[in-house]
Amino acid sequence: MIQIKNPEQIKAMKEAGRITAEGMAIAIENVREGVSTKHLDKLIREYYEKCGARPSFLHYGGFPASACISVNDEVIHGIPSSSRILQEGDIVKIDVGAFYHGYHGDMARTIAVGKVSDEAKLLIDVTKQSFYEGIAQLKPGNRLGDLGYAVDSYVKKFGFSTVKRYVGHGIGQSVHESPDVPNYGTPGRGVRVCVGMVIAVEPMVNVGTDEVRELSDGWTVKTADGKLSAHYENTVAILPDEVLILTQV
Ligand code: MG
C-alpha cells in the first residue's frame, strides 16, 4: 500500500532529507585520489551520529556499512573497504540515507575522481539530467510510466541504457516502501502520481547493456559487460504545485 504523507510528515521528512544531504556533501568534499571508500563511509556515519540520526543502510538486510560506495563498473551496493583506494580517473557512486525522528532520506551521487574520460563525464551528466527529465513528469494525475519513459528515452538518445533489475521506491518510515519507481515504462501506464507521495527517484545508467550481475560478496552489483555505470538519486515529495527535492546538495 502506498503511504501518502500529510504536510506534518513531509516536514519531518525534510529534516531527514537535509541531514542525509549534509552527510553526502561531506563525503563529496573528501573524494580524491588516495582516499579509501571506508574513509568516506566513516565520515558519513560520524556526521549522522553527530546529528542524532542513524545511517539508514547500516545493518539493513545485513548490509555491513553506513553507505553503499560503488566504483566504475560497480552499479550499486558496493561495500566500503579500507583496501579500496580511489584512483584518478575513477567514478565513485555514493548512496546514503539518514533516519531521523522516524523518517528516512535516500540519495545517491556519482563523483569524478580527478580527471576522468569524456565518456565518464558524459555518463555522469546524462544520468543526472535523466533524473530531472523523470521528475518533470511527477504531476498529479500522471503515471509512474510517464516518469520511467522520460528517464529511459532520454538515456537512450546517448546510446546508454537504464538498469531494469533495480528500481526507485516509495520512502518514509521505512527506507523502501511502495510503489516501485522503475527507470523505464510506458506513458500513461503504472501507478498514478498523487499529492503526498514521497519517492526516491534513482536512475542507474550504464554505458553498455542494461545487464548486471551480483558478486559473491552478496551485495555488490556490477555491469555484466564491465563498462561504466552511474547513479543519481533524490528523495522527492509531490506537492500540489511542485515536486520538492528533500535531499538537495
Ligand atoms: Mg534508493
Side-chain angles (χ1 to χ4, degrees), residues 2-3 5 10 13-14 16-25 27-28 40-41 44-45 48 53-70 74-80 92-100 103-111 127-128 130-132 134-135 138 144 147-148 151-152 155 162-185 190-191 197-206 210 212 214 219-222 229-238 243-249:
I2 297 169
Q3 310 277 339
K5 277 78 179 176
I10 289 175
M13 291 198 73
K14 270 187 197 169
R18 176 181 59 78
I19 293 169
T20 299
E22 287 169 354
M24 173 67 86
I28 291 172
L40 300 175
D41 182 74
I44 290 164
R45 183 178 181 164
Y48 290 168
R54 171 167 79 65
S56 298
F57 303 157
L58 184 61
H59 308 316
Y60 183 82
F63 189 73
S66 299
C68 298
I69 306 186
S70 313
E74 296 168 354
V75 180
I76 48 167
H77 301 167
I79 302 172
V92 58
K93 283 135 277 182
I94 303 175
D95 189 353
V96 289
F99 180 69
Y100 183 70
Y103 292 92
H104 293 273
D106 190 4
M107 71 186 299
R109 293 290 183 272
T110 302
I111 304 120
T127 305
K128 178 178 180 178
S130 74
F131 164 86
Y132 285 99
I135 67 165
L138 290 176
L144 289 183
L147 176 150
V151 171
D152 193 44
V155 161
T162 56
V163 172
K164 314 294 186 300
R165 196 190 299 172
Y166 298 90
V167 296
H169 49 92
I171 179 168
Q173 286 167 304
S174 300
V175 69
H176 292 118
E177 296 183 354
S178 279
D180 281 350
V181 184
N183 297 303
Y184 59 95
V191 169
M197 271 173 74
V198 182
I199 57 177
V201 177
E202 51 176 319
M204 289 153 256
V205 179
N206 294 350
D210 61 6
V212 295
E214 202 179 277
W219 285 104
T220 313
V221 175
K222 279 193 175 195
S229 184
H231 189 194
Y232 191 90
E233 175 182 27
N234 283 304
T235 299
V236 304
I238 291 118
V243 180
L244 186 65
I245 297 177
L246 304 181
T247 46
Q248 198 90 56
V249 63

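Counting convention: from 1, in listed order, for ligands and their atoms alike.
Of all N, O or S atoms in Glu233, the one lying closest to the Mg ion (ligand 1) is OE2. Looking only at N/O/S atoms, Glu202 comes nearest to the Mg ion (ligand 1) through OE2. The Mg ion (ligand 1) is closest to atom OD2 of Asp106 (considering only N, O or S atoms).
A cation-pi contact, defined as under 6.0 Å to the ring centre and within 45° of the axis, links Arg109 to Tyr232.
The Mg ion (ligand 1) lies under 2.8 Å from an N, O or S atom belonging to His169.
With Val198 as the partner, the side-chain contact (heavy atoms from CB on, under 4.5 Å) test is satisfied by one option alone out of Ile238, Leu246, Ile2: Leu246.
Between His176 and Tyr60, the side chains place a donor N or O and an acceptor N or O closer than 3.5 Å (distance only, hydrogens not considered). Donor-acceptor pairing under 3.5 Å is recorded for the side chains of Thr247 and Asn234.
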